[in-house]
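These values consider heavy atoms only, across backbone and side chains, with no hydrogens, waters or symmetry-generated copies. Chain letters run A, B, ... following the sequence lines, proteins first, then strands; residues in each count from 1.
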Number of protein chains: 2
Amino acid sequence: MARPRTFDEERALDAAMRTFWEKGYEATSTQDLCDATGLGRSSIYNTFKSKHDLFERALARYIDSMTTAQLAVMEDVRLSAADRIRTLFAMVIDGETEHRADGRGLGCLTVNTTVELVARDARAAGMLERDTTRRLAALRAVFEEGRRDGSITSSRDPGALARFVNAAIGGMRISSQGGADRATLESIAEITMDALTG
Amino acid sequence: MARPRTFDEERALDAAMRTFWEKGYEATSTQDLCDATGLGRSSIYNTFKSKHDLFERALARYIDSMTTAQLAVMEDVRLSAADRIRTLFAMVIDGETEHRADGRGLGCLTVNTTVELVARDARAAGMLERDTTRRLAALRAVFEEGRRDGSITSSRDPGALARFVNAAIGGMRISSQGGADRATLESIAEITMDALTG
DNA sequence: CAGGTTATGTATTGGTCAGTACAAAACTTG
DNA sequence: CAAGTTTTGTACTGACCAATACATAACCTG
């Protein structure tokens, strides 16, 4: 009934997501998005109605893929609670050390967006807040399980432990962007585990 | 011998620093800097030769004031090593909960700059790297002292503990920007201490 | 109070920003 | 193959960007 698209919307979204991830929202121009996706301006504005809308979709995609993968680990009944947290840290470290061109981690679009936009962009802030709530709830359940299975010996409140681990992940990501190598990140993860199992 | 300035350079620098801190580098326009400092464009460009130069001076000022205050605590011989770390955390938490208009922390210009610029701005990256090195060295010394005075019972390497605490501070700052309140930050700090003293 | 010097205000630079207008192209369906 | 619909490329919009040119103002020294 009409001219069909010559590109895959999901692939374009993915390319846009990576660009925002690498450069941040403000530093990414619409031209950058055209270059990254291979689309013309018309196609971009026809498909995604504005730079901000495209960013929101990219962020939603990022959040969904990240949190889906992390929740799968946190709900993996084959692992003890402590091992779930260890696996979670390993995932974060793998993610941070994976795309390194210049020896630094890319960080995490969620953390980056928190720093760059949360004070000024209520919609982004809302998305991040909902995601944090979801991840904290899953972490809390892991620690409740850990109390039962005996793998988490800390007597701290499970909710507090959840926030602690969430903060630790953020700290590892910042450290990675600051230049920490894999061994350093692994060491940070181990010491973080000390707080849970010691 | 010539017309004198009608403004205080240090005050202007301070205002610029706060603006970069609140909005980030890219999102701060030269007009924003004029508004914040009360200076005209000419005065800004006459005093600081470019936006980027002004940013570097602002960042240097921030780093200097922050690290000076933190090193003073870390070298305070009246306190046990563990108490120095506790005091350090208290300073970070006070800083994060101090300027809250909207219930969120401003974060830390160092962390914010790491996220926003480190991948693209070699000069800023260098400044941050030197500062991190300095702070890690001080933290390491604290943990060596903690082994002697018995207040730090973890058997982990002092350098590793230093990087762990540095990451923990970053994580607390990200958590604060994400909306964590004072009680949450204090709880994170306590659990972090568990890893050092447990 | 005059000469030298620096600070300041105003106007402007060329460039890039996000976003749009519009016509040509490409496809499906009848 | 023609009508209808959507995509696409090109050119363009006004706004704002960092930075500068230049004239004027304000001050110190002699």
Side-chain angles (χ1 to χ4, degrees), chain A residues 1-60 109 112-113 116-117 120-124, chain B residues 1-60 109 112-113 116-117 120-124:
Chain A
M1 226 222 265
R3 179 174 178 173
R5 283 189 181 157
T6 59
F7 64 94
D8 181 72
E9 185 167 328
E10 297 297 303
R11 288 179 81 85
L13 190 53
D14 221 69
M17 183 193 82
R18 291 190 70 86
T19 308
F20 284 126
W21 189 359
E22 285 165 23
K23 307 185 56 161
Y25 178 75
E26 298 283 354
T28 298
S29 69
T30 50
Q31 188 57 50
D32 291 332
L33 294 167
C34 292
D35 296 346
T37 58
L39 308 192
R41 305 180 82 67
S42 296
S43 299
I44 294 228
Y45 278 92
N46 188 41
T47 310
F48 313 99
K49 66 190 208 205
S50 68
K51 177 186 171 184
H52 192 270
D53 256 58
L54 174 51
F55 176 76
E56 281 185 29
R57 284 199 51 186
L59 178 59
L109 185 57
N112 297 1
T113 303
E116 187 184 0
L117 290 182
R120 282 176 292 136
D121 184 333
R123 294 174 64 89
Chain B
M1 226 219 267
R3 179 174 178 175
R5 285 189 178 154
T6 58
F7 65 92
D8 180 73
E9 186 168 327
E10 296 297 304
R11 289 180 79 84
L13 190 53
D14 220 71
M17 182 192 83
R18 291 189 70 84
T19 308
F20 284 126
W21 190 358
E22 285 164 22
K23 307 185 59 162
Y25 178 75
E26 297 284 353
T28 297
S29 69
T30 50
Q31 187 56 52
D32 290 332
L33 294 167
C34 291
D35 295 347
T37 58
L39 308 192
R41 304 179 84 68
S42 297
S43 299
I44 294 226
Y45 279 92
N46 189 40
T47 310
F48 314 99
K49 66 189 208 209
S50 69
K51 176 186 172 184
H52 192 270
D53 257 57
L54 175 50
F55 176 75
E56 281 185 29
R57 285 199 51 186
L59 178 59
L109 184 56
N112 296 1
T113 303
E116 188 185 0
L117 290 183
R120 281 176 293 136
D121 184 333
R123 294 175 63 87

Counting N and O atoms only, with roles assigned by atom type, does the side chain of B:E56 sit under 3.5 Å from a partner on the main chain of B:R123, one being a donor and the other an acceptor? no

Going by side-chain contact (heavy atoms from CB on, under 4.5 Å), A:F20 matches just one of A:T113, A:L54, A:L59, A:N112. Which one? A:L54

Within this structure, what is the CG-to-C1' distance between A:D53 and C:dG19, rounded to whole angstrom? 13 Å

When you measure from the side chain of B:T47 to the backbone N and O of B:S43, does any donor-acceptor pair fall under 3.5 Å? yes

Contacts satisfying salt bridge (Lys or Arg N to Asp or Glu O under 4.0 Å) that involve residues 43-54 of chain A (not counting sequence neighbours) are none

Name every residue in residues 24-51 of chain B that has at least one heavy atom under 4.0 Å from any atom of DNA chain D, in order of residue number, or write none if there are no such residues. B:T28, B:S29, B:T30, B:R41, B:S42, B:Y45, B:S50, B:K51

Can you tell me if B:E116 uses its side chain to pair, donor with acceptor, with the backbone of A:E116 under 3.5 Å? no

Considering residues at least two apart in sequence or located in another chain, which fulfil the salt bridge (Lys or Arg N to Asp or Glu O under 4.0 Å) criterion with A:R11? none

Below 4.0 angstrom, which residues in residues 3-20 of chain A have at least one non-hydrogen atom near DNA chain D? A:R3, A:P4, A:R5, A:T6, A:F7

Which residue pairs satisfy the salt bridge (Lys or Arg N to Asp or Glu O under 4.0 Å) criterion with at least one member in residues 27-46 of chain A, sequence neighbours excluded? A:K23-A:D32

With sequence neighbours excluded, tell me which residues meet salt bridge (Lys or Arg N to Asp or Glu O under 4.0 Å) with B:R5. B:E9

